[in-house]
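For reference, the structure discussed in these notes is given below.
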Number of protein chains: 2
Amino acid sequence: MLLYIMSSEKNETRNRILKATWELLESKDGADVRMIDIARKADISRQAVYLHFENRGDLLVATTRYIDDIKNVEERLRKSRQAKAGTERLLAYIEAWGNYIPEIYGVAKALIALRPVDGDASRAWDDRMDAVRDGCEAAIKALQKDHKLLDGLSPKVATDILWMLLSVPNWELLTQRCGWSQKAYIKHMKAQAMRLLVG
Amino acid sequence: MLLYIMSSEKNETRNRILKATWELLESKDGADVRMIDIARKADISRQAVYLHFENRGDLLVATTRYIDDIKNVEERLRKSRQAKAGTERLLAYIEAWGNYIPEIYGVAKALIALRPVDGDASRAWDDRMDAVRDGCEAAIKALQKDHKLLDGLSPKVATDILWMLLSVPNWELLTQRCGWSQKAYIKHMKAQAMRLLVG
DNA sequence: GATGTCAATTGACACTGTGTCAAGTGAATG
DNA sequence: CATTCACTTGACACAGTGTCAATTGACATC
């Protein structure tokens with residue numbers, strides 16, 4: 001307990017930086033969030049940010065971890081794994097991940113924007129997407145076990161398709177540019193997955 | 001004829017810059033192509049690039065136009081519009097656009113990367129995507145006319161779905177990260193469109 | 001109460017890339 | 001011969017990232 005408080009106290013500034021980063025990335029729809037903006041929001045000097053994070057990429061990566069912690073992704077996705085029947089599980093996964101996207105969208109956008117330039121950001125984002133792919137793969141495996149996978153579709157290809165369907169750019173296109181509500185997005189994604197994967 | 005030669009001669013350097021930009025964006029998989037790289041490849045000084053293009057965004061936009069001209073997009077897409085039956089037309093459009101993506105991929109990537117920062121690049125890319133959407137909409141309309149549109153699907157939603165399916169990020173995910181061949185990509189996209197839209 | 005530690009501050013600076021400007025060159029045009 | 005045009009060169013402003021050295025103020029320890 002003492003240890004917990006200590007580390008919490010010690011990381012107070014660090015957490016304030018992470019929170020500031022998150023909030024700025026969420027609010028400013030663009031990714032033109034500078035280090036100085038973050039510092040100002042966290043009420044410290046620009047240089048002090050570098051006492052806690054090596055560079056911009058490092059900070060963004062840490063921010064995604066921070067959000068995961070607070071939003072408790074693991075918990076949510078675990079629930080989707082409890083569904084027994086293959087199709088139920090597929091739908092539960094779509095619901096869990098699909099509803100998580102809007103919560104990380106701000107950071108995701110910044111990370112994607114940094115991708116061509118920053119190797120760290122690139123790796124961080126790819127790692128996260130690989131994790132999503134694992135989830136897709138597991139859902140497809142469950143489908144296959146129940147003999148519900150569409151005829152002529154290999155698990156690999158089915159996983160690829162589901163992964164594509166649930167990508168952040170697709171969510172962005174449909175909800176931000178096409179004006180779909182989050183509810184409509186989830187509904188249609190479920191319907192599409194059923195049509196494309198379940199036979 | 002004289003006029004043609006004159007303008008061609010006059011624009012020789014301009015075309016060399018466009019060609020250099022294109023080639024660099026294609027070759028360097030990243031988008032870290034600097035103005036000086038382009039200038040060097042075009043065999044002129046960095047500053048001279050600004051005699052032909054206002055800024056980086058302007059140059060990138062002009063490069064997409066240049067590629068369109070050389071690759072003759074209009075011609076290709078027009079062919080897809082000649083198909084009479086709704087489903088034929090849908091498939092022809094997927095084939096035409098789907099096979100065009102790899103040819104503009106390098107520039108597309110650079111333009112997308114610039115999006116959060118540069119307003120010009122943003123607008124340029126959005127314009128191009130709007131044009132694709134128009135193509136999708138026309139294909140869906142043709143489908144509807146033939147009473148082939150899946151029951152319960154509005155033309156708007158159907159257009160959105162087709163647009164999403166044929167997006168560049170999806171192409172990137174499937175062919176670059178999942179290792180699909182271009183041929184497999186086209187085949188599966190057609191199959192998916194049929195499942196999702198045709199009833 | 002002196003000492004040391006530690007987080008943070010301040011001001012300065014190097015570096016990169018974009019975009020601008022002024023002066024100059026060299027070849028073609030009239 | 002003078003002008004024009006595309007281009008060159010060198011210099012510079014500006015923005016953003018990342019680094020460094022010297023300093024401050026709080027807190028802990030002996």
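Chain letters run A, B, ... following the sequence lines, proteins first and then strands; every chain starts at 1.
- Relative to the side chain of A:Arg56, the nucleotides D:dC7, D:dG18, C:dT9 differ in distance, and D:dG18 lies closest.
- Within the 4.5 Å cutoff, side-chain heavy atoms of A:Met164 are placed close to those of B:Leu165.
- When the nucleotides D:dT17, C:dG17, C:dT10 are ranked by their closest atom to the side chain of A:Ser45, C:dT10 comes out on top.
- Crowding of B:Lys41 atom NZ: a count of heavy atoms from other residues, nucleotides or ligands under 6.0 Å exceeding 12.
- Nucleotide C:dT20 holds its C1' atom 13 Å from the CD atom of B:Glu54, rounded to whole Å.
- Nearest nucleotide to the A:Arg34 side chain, out of C:dA8, D:dG16, D:dC7: D:dG16.
- Atom CG of A:Leu59 is separated from atom P of D:dT17 by 11 Å (rounded to the nearest Å).
- Across the protein-nucleic acid pair, A:Ile44 atom CD1 and C:dT10 atom P stand 11 Å apart, rounded to whole Å.
- Residue A:Phe53 contributes atom CZ, which lies 16 Å from atom C1' of D:dT17 at whole-angstrom precision.
- Of the residues near DNA chain D, B:Gln47 and B:Arg16, the one whose nearest nucleotide (by heavy atom distance) lies more toward the 5' end is B:Arg16.
- Contacts of B:Leu51 with the nucleic acid, taken as non-hydrogen atoms under 4.0 Å apart, include base atoms.
- For B:Ile38 and C:dG17, the CD1 to C1' distance is 12 Å, given to the nearest whole Å.
- Among B:Lys79, B:Arg76, B:Lys190, the single residue meeting the side-chain hydrogen bond (donor to acceptor under 3.5 Å, both in side chains) criterion with B:Glu95 is B:Lys190.
- Summarising the geometry, the separation between CG on A:Asn55 and P on C:dT16 is reported as 16 Å, rounded to the nearest angstrom.
- For D:dC7, the OP1/OP2 oxygens have a side-chain nitrogen or oxygen of B:His52 closer than 4.0 Å.
- Computed from coordinates, the A:Leu60 CG to D:dT17 P distance equals 11 Å when rounded to whole Å.
- A:Tyr66 is listed as a side-chain neighbour of A:Asn15, based on a closest heavy-atom distance under 4.5 Å.
- The distance between atom CD of A:Glu12 and atom C1' of C:dC6, rounded to the nearest whole Å, is 15 Å.
- In the interface, the side chain of B:Arg46 is paired with the base of C:dG19 through a donor and an acceptor atom under 3.5 Å apart.
- A:Arg65 CZ: 12 or fewer foreign heavy atoms inside a 6.0 Å radius.
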